[in-house]
Each structure stands twice: as structure tokens, then as C-alpha cells.
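To start, the structure itself, in C-alpha cells.
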Amino acid sequence: MKKQMENRDDVILLVNTFYDKVKPDPVIGFFFNKVVDVHWEKHLPVMYTFWENIIFHTGGYTGNPMRIHMDLHQKSTMKKEHFDRWIQLFNETIDELFEGEKAEQAKQRALSIATVMQINIAQLPKQENIY
């Protein structure tokens with residue numbers, strides 16, 4: 001039996017496990033390894049706070065993920081298959097680790113976030129990929 005998502009420690013486990021899959025992924029890993037030189041020691045705590053806020057409504061996150069992803073898209077086009085893979089890995093990670101209401105809400109919110117990002121990014125001018 002998997003556990004319920006209950007606190008920040010669960011979020012940290014989710015985020016760390018998810019990014020352990022993302023980094024080497026042949027479909028989206030290059031965004032984190034080549035397009036952006038991610039400083040993981042800074043990025044991961046931001047992601048912990050972001051997802052803790054999304055899942056538990058803590059109010060601790062103050063960033064602008066839409067702007068960050070729009071800027072990323074300007075460097076290398078983010079396509080539907082990239083978002084689909086992101087959602088697949090995210091859902092797979094949740095399903096491996098957790099069950100219950102919060103786990104299902106997290107998957108729904110991730111899908112909503114990805115959908116809104118795709119809609120907004122689709123409205124940007126086309127860029128030529130450098131990767």
C-alpha cells in the first residue's frame with residue numbers, strides 16, 4: 001500500500017524522484033541539461049515550495065513559472081510532446097509513490113498547469129530551435 005501525501009517531506013520525495021527521471025530523459029532532459037544550466041541546489045528548493053503550495057495551499061511560492069517557461073520556449077521550442085512527456089513522468093512518479101486524494105489533485109493540477117502553459121506558449125512567435 002502506498003502512502004497518502006501529507007506534508008513537505010512527501011513533496012520533497014516527489015520532486016526529487018521526478019527530477020531523477022527528467023534529467024536523463026531523452027525527450028525533455030535536454031531542457032535541463034543543455035538549454036538551461038540548471039543549478040539544482042537552488043532549483044529544487046523552489047520546486048519543493050511551488051509543489052507544496054500547489055498541493056497543500058501553503059502560500060509560500062511567489063515566483064512566476066509562466067514567465068520562466070515562456071523565456072525557456074524562446075531558447076528552444078516547447079512542443080506538445082514535451083508537455084505530454086512531462087505529464088507522463090509526473091503522473092508515473094506520483095503513482096509509484098502515493099495514492100489518495102492529494103495525489104490525484106496533484107496530477108490534476110499538473111495537467112492544468114501544463115495545459116495553460118501550452119496555450120500561452122502557442123501564442124508566442126515561432127522561434128528557431130538551437131538544440
Side-chain angles (χ1 to χ4, degrees):
M1 179 179 235
K2 294 174 257 181
K3 70 180 298 271
Q4 302 279 325
M5 296 183 80
E6 298 175 341
N7 54 41
R8 184 175 177 91
D9 288 339
D10 292 334
V11 172
I12 290 170
L13 175 61
L14 167 64
V15 169
N16 287 343
T17 306
F18 171 68
Y19 280 109
D20 284 346
K21 293 178 181 189
V22 166
K23 292 175 198 177
D25 187 76
V27 178
I28 62 174
F30 76 96
F31 284 108
F32 300 89
N33 301 319
K34 293 187 180 184
V35 179
V36 177
D37 182 20
V38 176
H39 298 279
W40 292 103
E41 66 281 352
K42 293 180 183 177
H43 182 67
L44 289 174
V46 172
M47 291 297 91
Y48 304 152
T49 302
F50 174 80
W51 284 105
E52 183 181 31
N53 184 54
I54 292 295
I55 297 166
F56 297 110
H57 309 286
T58 58
Y61 181 77
T62 59
N64 186 345
M66 185 60 67
R67 175 78 284 166
I68 292 166
H69 287 84
M70 291 176 94
D71 291 346
L72 177 60
H73 176 75
Q74 297 298 319
K75 294 178 182 178
S76 184
T77 303
M78 298 173 73
K79 300 177 183 174
K80 181 180 184 319
E81 59 261 26
H82 299 131
F83 286 98
D84 290 348
R85 182 63 176 156
W86 186 91
I87 288 294
Q88 179 186 9
L89 291 173
F90 189 84
N91 288 347
E92 178 183 289
T93 304
I94 287 183
D95 289 342
E96 287 172 4
L97 299 171
F98 302 105
E99 65 183 5
E101 182 180 346
K102 291 294 184 189
E104 292 305 313
Q105 286 176 357
K107 291 191 293 187
Q108 283 298 319
R109 291 192 178 125
L111 179 60
S112 296
I113 290 165
T115 301
V116 169
M117 283 190 181
Q118 286 181 83
I119 291 167
N120 287 332
I121 285 171
Q123 298 172 13
L124 294 173
K126 299 285 186 221
Q127 297 293 318
E128 187 167 324
N129 283 331
I130 59 175
Y131 296 97

Basic-acidic side-chain contact under 4.0 Å: Asp71, Arg67
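Arg67 and Asp71: salt-bridged.
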
[X] side, atom [atom1]; [Y] side, atom [atom2] - distance, nearest 0.5 Å:
X      : Y      : atom1 : atom2 : answer
Leu111 : Ile87  : CG    : CD1   : 5.0 Å
Met47  : Asn16  : CE    : CG    : 12.0 Å
Arg85  : Asp25  : CZ    : CG    : 4.0 Å
Ile94  : Lys102 : CD1   : NZ    : 12.0 Å

Write down the atom of [X], the atom of [Y], and the distance for their closest heavy-atom approach.
X      : Y      : value
Pro65  : Phe50  : CG-CE1, 3.9 Å
Met5   : Ala106 : SD-CB, 4.5 Å
Leu89  : Thr93  : O-OG1, 2.7 Å
Glu96  : Lys2   : O-CD, 3.6 Å
Trp51  : Ile113 : CH2-CD1, 4.2 Å
Gln105 : Ile55  : OE1-O, 4.5 Å

I'd like to check the ring pair (Phe, Tyr, Trp, His ring centres under 6.0 Å) partners of Phe18; sequence neighbours left out, ordered by chain and number.
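Trp86, Phe90.
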
I'd like to check the ring pair (Phe, Tyr, Trp, His ring centres under 6.0 Å) partners of Tyr48; sequence neighbours left out, ordered by chain and number.
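None.
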
Please list all pairs meeting salt bridge (charged side-chain N to carboxylate O under 4.0 Å, His left out) that have one or both residues in residues 43-63, counting only residues at least two apart or in different chains.
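Matches after skipping sequence neighbours: Arg8-Glu52.
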
Distance-only, no hydrogens or angles: does the [X] side chain make a donor-acceptor pair with backbone N or O of [Y] under 3.5 Å?
X     : Y     : result
Asn33 : Lys23 : yes
His43 : Val38 : no
Asn53 : Tyr61 : no

Any side-chain heavy atom of Val11 sitting closer than 4.5 Å to one from Thr49?
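The answer is no, as the side chains (C-beta and beyond) never meet within the 4.5 Å cut-off.
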
Kindly indicate, with the supporting measurements, whether the criterion side chain to side chain donor-acceptor pair (under 3.5 Å) is fulfilled by Gln88 and Glu92.
CA-CA 6 Å; Gln88 179 186 9; Glu92 178 183 289; 4.7 Å; no

Sequence neighbours excluded, which residues qualify as side chain to side chain donor-acceptor pair (under 3.5 Å) partners of Glu99?
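Partners of Glu99 by the side chain to side chain donor-acceptor pair (under 3.5 Å) criterion come out as none, since no residue qualifies.
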
Contacts of Glu104 that satisfy side chain to side chain donor-acceptor pair (under 3.5 Å) - sequence neighbours left out
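Glu104: side chain to side chain donor-acceptor pair (under 3.5 Å) contacts with Lys107.
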
Would Phe30 and His82 count as a ring-ring contact (aromatic ring centres under 6.0 Å, His included) if you check the C-alpha gap in whole Å, the side-chain angles of each, and the deciding distance to 0.1 Å?
CA-CA 11 Å; Phe30 76 96; His82 299 131; 5.7 Å; yes

Non-neighbouring partners of Lys3 that pass salt bridge (charged side-chain N to carboxylate O under 4.0 Å, His left out), sequence neighbours left out
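Listed in chain order: Asp10.
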
